[in-house]
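To keep things clear, I will list the structure first and then write my remarks on it.
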Amino acid sequence: MNEELIPLRNSEDEDNGEKMEEVLSDAGCSSESWAILPVLCLTHVFKFLDEGDRRSADLVCQRWHNIMRSPSLWRSHTFHLNVRPSKYRHSEFHSSVAYVQSRGVYLERLAVLVNPPSTYSIAWRMLRTIKTVFDELSRVRASLKSISLTNLELDRPCWTSGLRNSFVIFLVSFLRAQGSKLDSVCLNGMKIGMIQGLEMLTTLAQSQKRTNHRYYISTLHLKGFFSGEVPVYRNSNMPRTLGFMKGLTHLSLSYSCLSDELLKALQHRDQGWRDFIHLKTLSLWCSLNVPHGQVICGHSWESLASCCPGLKVKIEVDQILNTDRLARILLPEIPLVDFSMATFYSPNEEWSPRPLFYVMLPQFRLTLKFLTLHLSNCSELLDDELLKLVRRCDRLEQLRVWAFLEVRTVQRLLRIRLAQRSLLNTIRVSVYSVEEDHEEQKEQLEILLSTYRDLPPELDFFATVYPHV
């Protein structure tokens, strides 16, 4: 394999090289001090530079130029696709294809972040760009281990049936050829229909039958993979398909995919395989606009937890303002480690998060480690409820809160940490304020916290007053 790379350059490269020299000089780093750094150290530093800075560093000197040709610097890359025409930047199509042609052979981890298209022409250009990039990756025989293709939102009207079918056909073909060597796949936000979505997943599952013990998909992210209107939990093919993923350790799903059959399939995956691998993390995302009315048996969760020792479950809830449905989601048999909730509700809505604080979350007092809350509780005080919950959760490690709270609650949280909770080493609180001039509250907060000058070094503490719009 040819290990030589041809650096990608543009008309500003010469100026960028001079700017890099100035930056090093301003930082107090002489060229002599950089010259004595070993190649391994410089290579490690260059891994943290973005594409533009690497081009600049490539022009500093012959030694840096040679180091920049090291394939180890180009194992991972992220394409940000907007594909809207602009006279201020080069064509994303040509720059993306040029990158793959030059460095694609060294790529192992590829991410494509998409700004969802709004018109047919933009969707067409996006399809052309992605297809050409993936075709070039196949041509240069890139040894991809990880693929991330996110936020396509194929249920938008601009994705006509013809464009959508063309995309599915080429992606299924690519996954059929490359799937056997992948260890991580992320298809978040694709929003595809049931039939075509299952076709993609079936292709991935079938590729696992051809793998040896060195290659298998261990991480699969499918948050928002299916269109929001699709009740995936009613389809028996979904559990059967994921059941073939014999090496799966990290799985992320929309709650609309969850069913008793799926939980059983995850615990009985190919048990005849000698080196059976247990599921380690299961992340679920539940939104108001995603079907979530199904009933899951606590026994199914209990069986999965028993079959997969050390299983960690993360649940993210967005705008579910129904206490009964929350109770059906947050079953006590779940080994819940991470819980995140965002609710924005008006005073006129007959809903309160108090049952969540008093009944539901305390069920996980021995497992819950990470808690994130976004609450628009402008019509009710939840300070005491929050403090009681923190006291009851024995293993809480991170607390992140955005809510209407009294300023003194921040001080009380800090006291709980210093007196009782040595594990709670991340506390970040944003106190919402409806007052136009909230400077007084900020000053009050600063005064209250001024006595805590010597906090433990392991404690990541932050608090502020934030205007609520």
Within a reach of under 6.0 Å around CD1 of Ile195, are more than 12 heavy atoms found that belong to other residues, nucleotides or ligands?
no

For Ser254 and Val290, which heavy atoms make the closest approach, and how far apart are they?
CB-CG1, 4.5 Å

Gln319 atom CD, over 12 foreign heavy atoms within 6.0 Å
yes

salt_bridge(Arg328, Asp324) N-O dist < 4.0 Å
no

Arg164 to Trp159, cation-pi by 6.0 Å centre distance and 45° axis angle
no

Could you label the plane-to-plane angle of the His374 and Trp402 rings as parallel, tilted or perpendicular, counting under 30° as parallel and over 60° as perpendicular?
parallel

Is it true that His44 and Phe48 have ring centroids separated by less than 6.0 Å?
yes

Should Arg240 and Glu261 count as an ion pair when the cut-off is N to O under 4.0 Å?
no

Charged N to carboxylate O under 4.0 angstrom, Arg365 versus Asp394?
yes

Does the separation of the ring centres of Tyr233 and Tyr255 fall below 6.0 angstrom?
no

In terms of the angle between their ring planes, are His77 and Tyr99 parallel, tilted or perpendicular, with boundaries placed at 30° and 60°?
parallel

Audit row: His65, Asp58, side-chain hydrogen bond (donor to acceptor under 3.5 Å, both in side chains) steps and yes/no
CA-CA 4 Å; His65 171 73; Asp58 181 76; 3.0 Å; yes

Would Thr150 and Ser148 count as having a side-chain donor-acceptor pair, cut-off 3.5 Å?
no

Less than 4.0 Å between a side-chain N and a carboxylate O, is that true for Lys312 and Asp338?
no

Side chains of Arg325 and His292: donor-acceptor distance under 3.5 Å anywhere?
yes

Does a side-chain N-to-carboxylate-O contact under 4.0 Å join Arg109 and Asp183?
yes

